[in-house]
Amino acid sequence: MEDFLDSLNPPQREAAETTDGAVLILAGAGSGKTRVITHRAAQLIKLGVSPFNILCITFTNKAAREMKERVEALTPSGSQIWVSTFHSLCVRILRREIAKIGYDKSFTIYDADDSERLMKRTLKELNVSDKLFPPRSVMSAVSALKDELVPPQVYEKRAALNAREGVVARVYALYQKRLQENNALDFDDLIFKTVELFLSRPDALNAHQERFRYIMVDEYQDTNTAQYTLVRLLSKKYGNLCVVGDDDQSIYAWRGANIRNILDFEKDYPDAKIVKLEQNYRSTRTILSAANAVISRNASRKDKRLWSEGGAGQPVVVWQGSNEREEAEYVADTIEKHRRQQDWRFADFAVLYRTNSQSRAIEDGFVRRGVPYRVYGGTRFYDRKEIRDVAAYLRAVYNPADSVSLRRIINTPRRGIGDASLERVEEYAAESGVPLIDALADAGRILGSPAKASKILAFVAMMDRLRDLSNELSVSDFIRHLLGMTGYAAELEAQNTDEARDRLDNIDEFIGKAVEFERSADTPLLSAFLEEVALVADIDAYEAGADAVSLMTLHSAKGLEFPAVFITGFEDGLFPSYRAQTSGDVKDLEEERRLCYVGITRAKSELYLTMAVERSRNGQTTYNLPSCFLKEIPSDFIKRVYGKKMSAPMTDDFDNEIEIPPAKHQIGEFRQKIAIGNKPAGFGGRSYIMQGTPAPADNLGFSVGDKVRALKYGVGEVAAIAPAGADYEVTVVFPAAGEKKFMAGLSKLKKVD
DNA sequence: GCGCGAGGAGTTTTT
DNA sequence: CTCCTCGCGC
């Protein structure tokens, strides 16, 4: 009988069949990782493991959804396995068990913005200058501590804290106290508190160990210490842990991901079985070679080399133009050209960039050219002010202790409650340990004047009514009522501006999401909806359905693939980022290089690296050199294209590009001229200006019978030239090496006289 | 308490 | 360039 594992290649099959014990699957980009995980899950079920006992942890909700669907397609009971992200897994555990560690199960999840607000207030309360201690940076320090599972009490007592760290310790302690009083958890807490639960309550741990007898973790290279510990705890009893990852795709060190988790897996699990998946099914050999060439420059990595049975495909196109406007137009024009000449769809293309702000120029260009696109990531839908406001109402209703949400909406829309009286009530609440909402209800006494308190009391009464209402209505109906009762919709309508109409539209969309949620959720409770709002990223909404070009950061692109990929802004100071390039720590540059590797390997058949000499950043014009990663790609794989006003590269950084004929001597002159003036702030001080000579002609510069020089074989005679797609295949006969075929665009064949 | 305008600070990447 | 804060006058 045919086995469903027959569709796997030998290492894939080995990975899927190794069901017990610790397994590390080193899965290179495009090596069929998801296939292996899903088949492995199906195999477990086939062997008699209850799907109920299988846990699969992914990085994004989208990956989780896809995983679940694919397991289900393999085996009907696959739908019962638990597939979830770290964060939603922890929420589900904590909703049931958090009372054991001193929170109420109706806790609120604070996202980055909420956390920062609370941090700001904490700094203020402790009279710590937010100039010396920017909330953001204290927040990231605290976040890093939580990722490392260091609680405030431990950090405070740590020896050798300097003055600054001492302040951070005090702030951390109070911040955490306030979080708990608000019955709120920040993102990091979700993991941290789950670990805390398991460490302090062996019964809870044991129950979950029994439940999750087989555990799989995707994107293991991106786990931080807290997540690592969580996995370790859960898998300890049965030892059936399968992690899948690729150290070359570790791109979240800045968020606490510890690459050692994957590099040291064999040490942590001495009996672990290691399976390497090195056959790539996604990209052309040219793209793969470029990716391999780049990543091989990283020192600390597991040895592996992706290979493919696919064809060589097209060369990597490296385009350089004058500015980001031209870059956007080049991308748009190239896409249009493909659509005209070949059978491409918009959805076949992705435009990737290092920073979200780069999407702006691309979008402008696409709008001018009429290219449909979708931007993923960036400002999340749920991050818009109006959505946050409405969500804050929902959260304040659901969790009365949540003072961050309460404070956000107490005077939104304006209802005459000012900072002065609010601060007095807050102070009282903080000092006497009373929840803010209770203090507000007591405002008459606290302010010593019923008149001054009247507006506050009206607000409190409204919130009470809303709370009653929330128990009677569906989420979407409740939001509709809320918009009316609070006057929120009326205020926006009264403004009657384009912006206000936009916001109302967004709120409509939000209600639409609530309706959708009610249709699809098992339990359409307000709490579940709020979780979705807190934990769902935009990339999760990625669907291949609509025919539009995808725009997203390189980070967001991980796990996706596209027939054609543009990596834009391929410039020093941007990619790699200025910080990584100048920090002096090679680790930072190595992470950028991995990001580059991730970007390149998203492409199936065509890859474009684009760069502009001049680019506007924060309103300032900067002059950038090509990315240092460019010269790590052998020139054999590259075809160079220049923008209208460009001719030769403006820099000797292209040591893989030596044969641009006319302009070489001019470059030197220009460089001298330019080196004097416009020195862009903070970008290494080197700057260049372009010149006005036309791009090199596209013809080959030789014909059959000519003598040409090839880099590797010396001088030979051209025997034939044949069209090959957009390029030409040139056959050359060499005295020593014999007959060789070249792609004209790839090779550096040059006529000799 | 509110609205407006000036001034300052800040941007890598995100569950 | 853009978001946010602050200070001022009403």
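Computation of the quantities below employed the complete heavy-atom set of this structure, encompassing side-chain atoms and omitting hydrogens, waters and symmetry-equivalent molecules. The structure displayed is predicted, hence computed values, not measured ones. Here is how names work: the chains are called A, B, and so on, in the same order as the sequence lines, proteins then strands, and each is numbered from 1.
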Could you give the distance separating dC4(C) and dT13(B) at their P atoms, to the nearest angstrom?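 Taking atom P in both dT13(B) and dC4(C), they lie 15 Å apart.
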Please confirm whether the backbone N or O of [Y] pairs with a side-chain atom of [X], one donor and one acceptor, at under 3.5 Å?
{"X": "Glu571(A)", "Y": "Ala612(A)", "value": "yes"}
{"X": "Arg354(A)", "Y": "Leu574(A)", "value": "no"}
{"X": "Ser627(A)", "Y": "Phe575(A)", "value": "yes"}
{"X": "Asn399(A)", "Y": "Asn183(A)", "value": "yes"}

Sub-3.5 Å pairs of nitrogen or oxygen atoms, protein against nucleotides 2-7 of chain B:
residue: dC2(B); atom: OP1; partner: Gly416(A); partner atom: N; Å: 3.0
residue: dC2(B); atom: OP2; partner: Asn411(A); partner atom: ND2; Å: 3.1
residue: dG3(B); atom: OP2; partner: Arg414(A); partner atom: NH1; Å: 2.6

His87(A) vs Ser577(A), nearer the 5' end of DNA chain B by closest nucleotide: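 Result: Ser577(A).
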Please tell me which of Lys455(A) and Arg255(A) maps to the more 5' nucleotide of DNA chain B, matching each residue to the nucleotide holding its nearest heavy atom.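 Per heavy-atom nearest nucleotide, the more 5' residue is Lys455(A).
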Measure from [atom1] on [X] to [atom2] on [N] and round the result to the nearest Å.
{"X": "Trp254(A)", "N": "dT12(B)", "atom1": "CH2", "atom2": "P", "answer": "11 Å"}
{"X": "Asp188(A)", "N": "dT15(B)", "atom1": "CG", "atom2": "C1'", "answer": "9 Å"}
{"X": "Asp383(A)", "N": "dT15(B)", "atom1": "CG", "atom2": "C1'", "answer": "12 Å"}
{"X": "Met139(A)", "N": "dT15(B)", "atom1": "CE", "atom2": "C1'", "answer": "14 Å"}
{"X": "Arg136(A)", "N": "dA9(B)", "atom1": "CZ", "atom2": "P", "answer": "16 Å"}
{"X": "Asp588(A)", "N": "dT13(B)", "atom1": "CG", "atom2": "P", "answer": "16 Å"}
{"X": "Arg579(A)", "N": "dT12(B)", "atom1": "CZ", "atom2": "P", "answer": "5 Å"}
{"X": "Leu554(A)", "N": "dT12(B)", "atom1": "CG", "atom2": "C1'", "answer": "11 Å"}

Knowing that exactly one of Arg407(A), Arg388(A), Arg121(A) qualifies, which makes a salt bridge (Lys or Arg N to Asp or Glu O under 4.0 Å) with Asp114(A)?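 Going through Arg407(A), Arg388(A), Arg121(A) one by one, the salt bridge (Lys or Arg N to Asp or Glu O under 4.0 Å) with Asp114(A) is satisfied by Arg388(A) alone.
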[X] near the nucleic acid: base, sugar-phosphate alone, or nothing, with a heavy-atom cut-off under 4.0 Å?
{"X": "Asp419(A)", "answer": "sugar-phosphate"}
{"X": "Phe575(A)", "answer": "nothing"}
{"X": "Ser421(A)", "answer": "sugar-phosphate"}

Tell me every residue that passes ring-ring contact (aromatic ring centres under 6.0 Å, His included) with Tyr228(A), counting only those two or more places apart in sequence or in another chain.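 ring-ring contact (aromatic ring centres under 6.0 Å, His included) list for Tyr228(A), sorted by chain: empty.
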Among all residues two or more places apart in sequence or in another chain, which pass the ring-ring contact (aromatic ring centres under 6.0 Å, His included) test with Phe517(A)?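 In terms of ring-ring contact (aromatic ring centres under 6.0 Å, His included), with neighbours along the sequence ignored, Phe517(A) is linked to Phe529(A).
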Options [options], nucleotide nearest the side-chain atoms of [X]:
{"X": "Tyr252(A)", "options": "dT15(B), dT11(B), dT14(B)", "answer": "dT14(B)"}
{"X": "Thr553(A)", "options": "dT12(B), dT15(B), dT13(B)", "answer": "dT13(B)"}
{"X": "Phe187(A)", "options": "dT15(B), dT12(B), dT14(B)", "answer": "dT15(B)"}
{"X": "Arg360(A)", "options": "dT12(B), dT2(C), dT14(B)", "answer": "dT2(C)"}
{"X": "Thr355(A)", "options": "dT12(B), dT14(B), dT15(B)", "answer": "dT12(B)"}
{"X": "Glu592(A)", "options": "dT12(B), dT14(B), dT11(B)", "answer": "dT12(B)"}
{"X": "Asn618(A)", "options": "dT14(B), dT11(B), dT15(B)", "answer": "dT11(B)"}

Should Ser88(A) be listed as having a side-chain N or O under 4.0 Å from OP1 or OP2 of dT15(B)?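 The answer is no; no side-chain N or O of Ser88(A) sits under 4.0 Å from OP1 or OP2.
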Compare side-chain N and O positions of Asn356(A) against OP1 and OP2 of dT14(B) and report whether any pair is under 4.0 Å apart.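 The answer is yes; a side-chain N or O of Asn356(A) sits under 4.0 Å from OP1 or OP2.
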Sequence neighbours excluded, which residues qualify as salt bridge (Lys or Arg N to Asp or Glu O under 4.0 Å) partners of Glu423(A)?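 Result, salt bridge (Lys or Arg N to Asp or Glu O under 4.0 Å) vs Glu423(A): Lys124(A).
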For the residue pair Lys33(A) and Glu219(A), establish whether any side-chain heavy-atom pair is separated by less than 4.5 Å.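 A side-chain contact exists here, since the closest heavy-atom pair is under 4.5 Å.
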Apply the test ring pair (Phe, Tyr, Trp, His ring centres under 6.0 Å) to residues Phe566(A) and Tyr353(A): give CA-CA distance (whole Å), side-chain angles for both, the deciding distance (0.1 Å), then the verdict. CA-CA 8 Å; Phe566(A) 294 86; Tyr353(A) 34 76; over 10 Å; no
Output one line per pair: protein atom, nucleotide atom from nucleotides 3-10 of chain C, and distance, for all N/O pairs under 3.5 Å.
residue: dT5(C); atom: OP1; partner: Lys120(A); partner atom: NZ; Å: 3.1

Would you say Phe86(A) stacks on dT15(B), if stacking means ring centres under 5.5 Å apart and planes within less than 30 degrees?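 Stacking between Phe86(A) and dT15(B): absent.
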Which residue pairs pass the side-chain hydrogen bond (donor to acceptor under 3.5 Å, both in side chains) test with at least one member in residues 126-137 of chain A, sequence neighbours excluded?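 Passing the test, one end in residues 126-137 of chain A: no pairs.
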